Amino acid sequence: MALDGGGEVLARVVSGGGDEESRHHDRISDLPDTLLLHILMLLPLVEAVRTCVLSRRWRGAWTRLPRLAFDDDAAPRVSRFGNLVDGVLRGYADDVDMPDVLISVRRRSSAGDAVRLATSATRLAAGSVAARFHLYLSSAAGNLYNDVVEEAAAATLQLPCFPRATEFALDFMGVDLRMPSAGTFAKLTKMFIRGVRFTDGGEGISTVVSRRCPCLEVLLLHRVRGVKVLALLAQSLLFLRVSMVMQLQRLQVVSESLREMQVHRCFSLTTAPTSMLLNVPVLEELHWEDHYPHDDARVSLWGLPRCLQKLVIAELPRFTKILQHFHRADTLRLEITIAPISLLSIYFYV
């Protein structure tokens, strides 16, 4: 693990300073573990890890931190950010649950091989994280769509299951994401995926959500490619947002618990016939903003409540297809794009 720099300032604080008595008595190290961890939480993670060199008392303190927040902006002197992530995840205490793991990479110099960093981090954390796992690589640090000539050459990230995590978020522009074919996200309640490409037409993400996430309540998919069919059988799902899911042709959702659903520009870019099929009997809010490219586009909404608390339809030219499925909406908002009228065709009479 590469930890550049030193902890001289912190060492002086811990060892005391000023009078003779302070130099012979380390009051901070005498504090209970809970307070030591609180002190470490106030430091950037790389500085918290460096405290292991201060004394035997501090050697393993950082390995029980209640949150591991990796941020390359907070570690400008770390030359190999991926090594820092690997070293900390490998060195974390085995006898306690790994807490939140939050990884943010904003600089290309920090990312190095971004796919290797993501692969190693997910593999090391998958079986141990008992709370949130968030991995964010900014487009400046690793946008693989800009790094390759053809999309077919994009690198693949094989995602493992996180059986104990409660939240999972992956933001990685341009990587080909392969969902796990075995195991479960047994305790996962929230999943957010952005920027990736699926090469199986959507079968992997559909299967994982439908069969491997028994407790999933919130699902957000944003700016993902390669999903032609998204078929979700998720009885625990409460909130669903699919936004700019490029090339989507069919969206099917079956859920006895879904309360709010948002669809944002998912059918606009495909040239194939499209359809949306919903069986969501307790739905309260439906937000749909899109363009239908074909006259044969189908909207099949069965198993729906006849009344909604809120219905928002934006830019759908054939919005009456949706309106006819509901007797009442407490709040109804229609946003319709009207082509501009040429000023030459307007006559003013005085």
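Quick note: numbers below take in every heavy atom, side chains included, and nothing from hydrogens, waters or symmetry partners. It should be emphasised that the depicted structure is a prediction, and the values quoted were computed from it without experimental measurement.
In this structure the side chain of Leu286 never reaches within 4.5 angstrom of the side chain of Val312, judged on heavy atoms. With a 4.5 Å cut-off on side-chain heavy atoms, Val218 and Thr189 do not count as touching. Leu230 has its side chain out of reach of Val245: every pair of non-hydrogen atoms, C-beta onward, lies at least 4.5 Å apart. Taking 4.5 Å as the limit, every side-chain heavy atom of Leu159 sits out of range of all side-chain heavy atoms of Val208. Within the 4.5 Å cutoff, no side-chain heavy atoms of Phe70 are placed close to those of Val105. Side-chain contact between Leu102 and Ser104 is absent, with no heavy atoms from C-beta onward closer than 4.5 Å. Inter-residue side-chain proximity for Pro214 and Leu216 is flagged as unmet; no heavy-atom pair is nearer than 4.5 Å. Between Leu251 and Met261, some side-chain heavy-atom pair lies under the 4.5 Å cut-off.
Tested against Phe162 for a side-chain contact (heavy atoms from CB on, under 4.5 Å), the candidates Val101, Thr122, Thr184, Leu188 yield a single pass: Thr122. The one candidate from Met98, Glu167, Arg164 that meets the side-chain contact (heavy atoms from CB on, under 4.5 Å) condition with Val129 is Met98.
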Passes side-chain contact (heavy atoms from CB on, under 4.5 Å), His222 versus Met244? Steps please.
-> CA-CA 6 Å; His222 181 57; Met244 302 184 72; 4.3 Å; yes
After noting the C-alpha distance and the side-chain angles of Val282 and Arg259, does the key distance pass the side-chain contact (heavy atoms from CB on, under 4.5 Å) rule?
-> CA-CA 6 Å; Val282 298; Arg259 302 287 179 175; 3.9 Å; yes
Worked check of side-chain contact (heavy atoms from CB on, under 4.5 Å) between Met179 and Leu177 = CA-CA 6 Å; Met179 301 299 288; Leu177 183 64; 3.8 Å; yes
Starting from the C-alpha separation in whole Å, work towards a yes-or-no answer on side-chain contact (heavy atoms from CB on, under 4.5 Å) for Phe81 and Leu117.
-> CA-CA 9 Å; Phe81 189 73; Leu117 187 157; 4.2 Å; yes
Mind running side chain to side chain donor-acceptor pair (under 3.5 Å) on His264 and Gln262 for me, showing each step along the way?
-> CA-CA 6 Å; His264 176 249; Gln262 300 179 4; over 6 Å; no
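One distance of note links CG of Asp171 with CD1 of Ile103; it measures 13.0 Å at 0.5 Å rounding.
Atom CZ of Arg123 is surrounded by more than 12 heavy atoms from other residues, nucleotides or ligands within 6.0 Å. Surrounding CD of Glu203 are at most 12 heavy atoms belonging to other residues, nucleotides or ligands under 6.0 Å away. At most 12 non-hydrogen atoms from other residues, nucleotides or ligands lie less than 6.0 angstrom from CD of Glu256.
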Side-chain donor-acceptor pairs of residues 87-96 under 3.5 Å, sequence neighbours excluded:
from  : atom 1 : to    : atom 2 : distance (Å)
Tyr92 : OH     : Leu65 : O      : 2.8
Asp95 : OD1    : Arg64 : NH2    : 3.1
Asp95 : OD2    : Arg64 : NH2    : 2.8

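In this structure, the salt bridge (charged side-chain N to carboxylate O under 4.0 Å, His left out) partners of Asp100, at least two apart in sequence or on a different chain, are Arg132.
Under a hydrophobic clustering in which Ile, Leu, Val, Met, Phe, Trp and Tyr are joined whenever their side-chain heavy atoms come within less than 4.5 Å, directly or via other members, Phe239 and Leu278 fall into different clusters.
Remark: the Ser120 side chain and the Asp86 side chain contain an N/O donor-acceptor pair separated by less than 3.5 Å.
Taking the charged nitrogens against the carboxylate oxygens, Asp200 and Arg178 have no contact shorter than 4.0 Å, which rules out a salt bridge. Under the 4.0 Å criterion applied to side-chain N and carboxylate O atoms, Glu315 and Arg265 are assigned as salt-bridge partners.
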